[in-house]
Structure formats: C-alpha cells, structure tokens
Asks: 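I am attaching a structure below and will ask some questions about it afterwards.
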Amino acid sequence: QVQLVESGGGLVQAGDSLRLSCAASGRPLSNYIMAWFRQAPGKGREFVGGFWWSGGFSFYADSVKGRFTISADSAQNTVYLQMNNLKPEDAAVYYCAADKDYCTGAGCRLTTPYDYWGQGTQVTVSS
C-alpha cells in the first residue's frame, strides 16, 4: 500500500512554469511505475506522462511533449512534474498515480493499470 499526495498547483499566467510534487508514504515509489494524469471540467482523466525508475525512462502525451518533464528523487520518495510554457488548455486537476504491476506499452497511458492515486492538485492557467 502506498499513499500519494500531490502539491504545487496554483494560478499562473500563460507561458509560466510550475512544478508539481507527488510525495509518497508507505512504500518506496521505486517499486512502481509512476504517471501523471489530468482532468479538466467536463472531461475524462487524460494521461500526461509516465516514469520508469529503472533507467529513469519517461514518456509523454503529445500535447505536453517538450514542455513537461517528469523526474524523481528516491531519497525524498517523490516524483515531480515540471511544467513549462503553460497554456490555458493545460488547466486541470493533476493527479499522480502508481502502478505496482508494471504496465507495458500503450496500456500505461490508460487509467486502469494504476492502483494508487493522489487527491489531485489544481492548476489554473490564465491567458
């Protein structure tokens, strides 16, 4: 069992940056595949990016590629989402998630493999 807590959201202007954190307690996050999702009002939960601890491999949705970066600190048991050049369409509640069963390929972009979720943190981007 792992508990995830996101933080770092807020109100920013288009073009600004934010760094979200996902802090875990209970078990080392290095035991899991990690991902960030987001959900805007009236829309489904959308994959943002994923992270494998082994080799530090990360992958992203096309909509954020080149602007968002996932990193991790095993000592802090925390995963980060650095968001640069934010756009109004990035506004959403952002969630981190952990998968204990090591999803593969395109399956990792779905919500279903993820066993644990944080409560979310709101990101608002003004134009």
Side-chain angles (χ1 to χ4, degrees):
Q1 187 85 6
V2 65
Q3 293 77 43
L4 304 174
V5 178
E6 302 96 335
S7 61
L11 171 63
V12 297
Q13 293 186 329
D16 285 351
S17 298
L18 271 179
R19 189 177 77 158
L20 305 184
S21 299
C22 173
S25 60
R27 289 194 175 182
L29 285 180
S30 55
N31 292 339
Y32 303 87
I33 286 178
M34 301 301 298
W36 287 92
F37 287 80
R38 66 187 181 186
Q39 188 164 17
K43 296 188 177 181
R45 198 162 291 191
E46 174 191 27
F47 173 79
V48 174
F51 180 82
W52 271 264
W53 290 87
S54 177
F57 176 73
S58 56
F59 62 109
Y60 302 92
D62 288 344
S63 58
V64 306
K65 199 174 295 181
R67 300 188 297 123
F68 290 14
T69 304
I70 298 174
S71 62
D73 185 334
S74 58
Q76 298 294 323
N77 211 27
T78 299
V79 174
Y80 303 97
L81 178 65
Q82 177 67 43
M83 306 186 294
N84 297 329
N85 190 22
L86 282 159
K87 304 177 180 181
E89 53 263 41
D90 294 319
V93 177
Y94 282 72
Y95 300 89
C96 68
D99 169 32
K100 61 181 176 63
D101 293 319
Y102 282 73
C103 56
T104 57
C108 295
R109 297 173 181 263
L110 306 176
T111 59
T112 45
Y114 295 91
D115 306 286
Y116 306 105
W117 293 82
Q119 83 290 348
T121 185
Q122 177 74 50
V123 173
T124 304
V125 184
S126 64
S127 57

Asks: How about Y32 and W53: are their ring centroids closer than 6.0 Å?
Replies: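 Here the rings of W53 and Y32 have centres that are no less than 6.0 Å from each other.
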Asks: State plainly whether one hydrophobic cluster holds both Y94 and I33, where clusters connect Ile, Leu, Val, Met, Phe, Trp and Tyr through side-chain heavy atoms under 4.5 angstrom apart.
Replies: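 Different hydrophobic clusters.
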Asks: For the hydrophobic clusters of this structure (ILVMFWY residues joined by side-chain heavy atoms under 4.5 Å, transitively), does one cluster hold both Y116 and W36?
Replies: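 Yes, same cluster.
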Asks: Could you tell me whether the side chains of Y60 and S58 share a donor-acceptor contact shorter than 3.5 Å?
Replies: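 Yes, S58 and Y60 have a side-chain donor paired with an acceptor closer than 3.5 Å.
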Asks: Kindly determine whether Y114 and C108 satisfy side chain to side chain contact (heavy atoms under 4.5 Å, CB included), including the steps that lead there.
Replies: CA-CA 8 Å; Y114 295 91; C108 295; 3.7 Å; yes
Asks: Can you tell me how far CG of L81 sits from OG1 of T121, rounded to the nearest 0.5 angstrom?
Replies: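 T121 OG1 to L81 CG: 11.0 Å, rounded to 0.5 Å.
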Asks: Centres of the F59 and F47 rings: under 6.0 Å?
Replies: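 Ring-ring flag for F59/F47: true, centres closer than 6.0 Å.
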Asks: Flag the pair D90 / F68 as yes when at least one side-chain heavy-atom distance between them is below 4.5 Å, and no otherwise.
Replies: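 Heavy-atom side-chain distance check passes, below 4.5 Å.
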Asks: Taking the side chain as C-beta and beyond, is there a heavy-atom pair between S74 and N77 under 4.5 Å?
Replies: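 Side chain of S74 against side chain of N77, heavy atoms only: no contact under 4.5 Å found.
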Asks: So, does S63 use its side chain to make a donor-acceptor pair with the main chain of A61 at under 3.5 Å?
Replies: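 Not confirmed, S63 side chain does not pair with A61 backbone.
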Asks: Do R109 and V48 come within less than 4.5 Å of each other through their side chains, counting heavy atoms only?
Replies: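 Contact flag for R109/V48 side chains = no.
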Asks: Taking the side chain as C-beta and beyond, is there a heavy-atom pair between R38 and K43 under 4.5 Å?
Replies: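 No, too far: nothing below the 4.5 Å cut-off.
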Asks: I'd like to know if the side chain of Q82 reaches the main chain of I70, judged simply by a donor and an acceptor atom lying under 3.5 Å from each other, with no hydrogens or angles considered.
Replies: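 Side chain of Q82 to backbone of I70, a donor-acceptor pair under 3.5 Å: no, none is there.
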Asks: Could you check whether any side-chain heavy atom of V125 comes within less than 4.5 Å of a side-chain heavy atom of E89, counting everything from C-beta outward?
Replies: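 Not in contact.
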Asks: Answer whether the closest heavy-atom distance between the side chains of F51 and S71 falls below 4.5 Å.
Replies: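 Answer no - side chains too far apart.
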Asks: If the plane angle is over 60° it's perpendicular, under 30° parallel, otherwise tilted; pick one for F57 and W52.
Replies: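 F57 vs W52 ring planes: tilted.
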Asks: Check the pair Q119, Y95 against side chain to side chain contact (heavy atoms under 4.5 Å, CB included), reporting the backbone distance first and the verdict last.
Replies: CA-CA 7 Å; Q119 83 290 348; Y95 300 89; over 6 Å; no
Asks: Do V2 and W117 sit in the same hydrophobic cluster, where Ile, Leu, Val, Met, Phe, Trp and Tyr count as joined when their side-chain heavy atoms come under 4.5 Å apart?
Replies: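 No, because V2 and W117 fall into different hydrophobic clusters, even though each may have its own neighbours under 4.5 Å.
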Asks: Salt-bridged, D62 to K65, with N to O below 4.0 Å?
Replies: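 A salt bridge is present here (some side-chain N lies under 4.0 Å from a carboxylate O).
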Asks: Could I get the full list of side chain to side chain donor-acceptor pair (under 3.5 Å) partners for Q39, not counting sequence neighbours?
Replies: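 Residues passing side chain to side chain donor-acceptor pair (under 3.5 Å) with Q39: R45.
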Asks: What are the two closest non-hydrogen atoms of G107 and P113, and how far apart are they?
Replies: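 Here G107 and P113 meet closest at O-CG, 3.1 Å.
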Asks: Decide yes or no on side chain to side chain contact (heavy atoms under 4.5 Å, CB included) for V64 and M83, but give the supporting numbers first.
Replies: CA-CA 8 Å; V64 306; M83 306 186 294; over 6 Å; no
Asks: OG1 of T124 to CG of L86: how many Å apart, nearest 0.5 Å?
Replies: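 Reported value, rounded in 0.5 Å steps: 10.5 Å.
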Asks: Identify each donor-acceptor pair in which a side-chain atom of residues 12-30 lies under 3.5 Å from a protein atom, sequence neighbours left out, and give them as a table.
Replies:
unit_1, atom_1, unit_2, atom_2, d
D16, OD2, Q13, N, 3.1
S17, OG, N84, OD1, 2.9
S25, OG, Q3, OE1, 3.3

Asks: Where do A91 and A40 come nearest, in terms of heavy atoms and distance?
Replies: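 Minimum heavy-atom separation between A91 and A40: O-CB, 3.8 Å.
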Asks: Does D115 use its side chain to pair, donor to acceptor, with the backbone of K100 at less than 3.5 Å?
Replies: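 Yes; at least one donor-acceptor contact below 3.5 Å.
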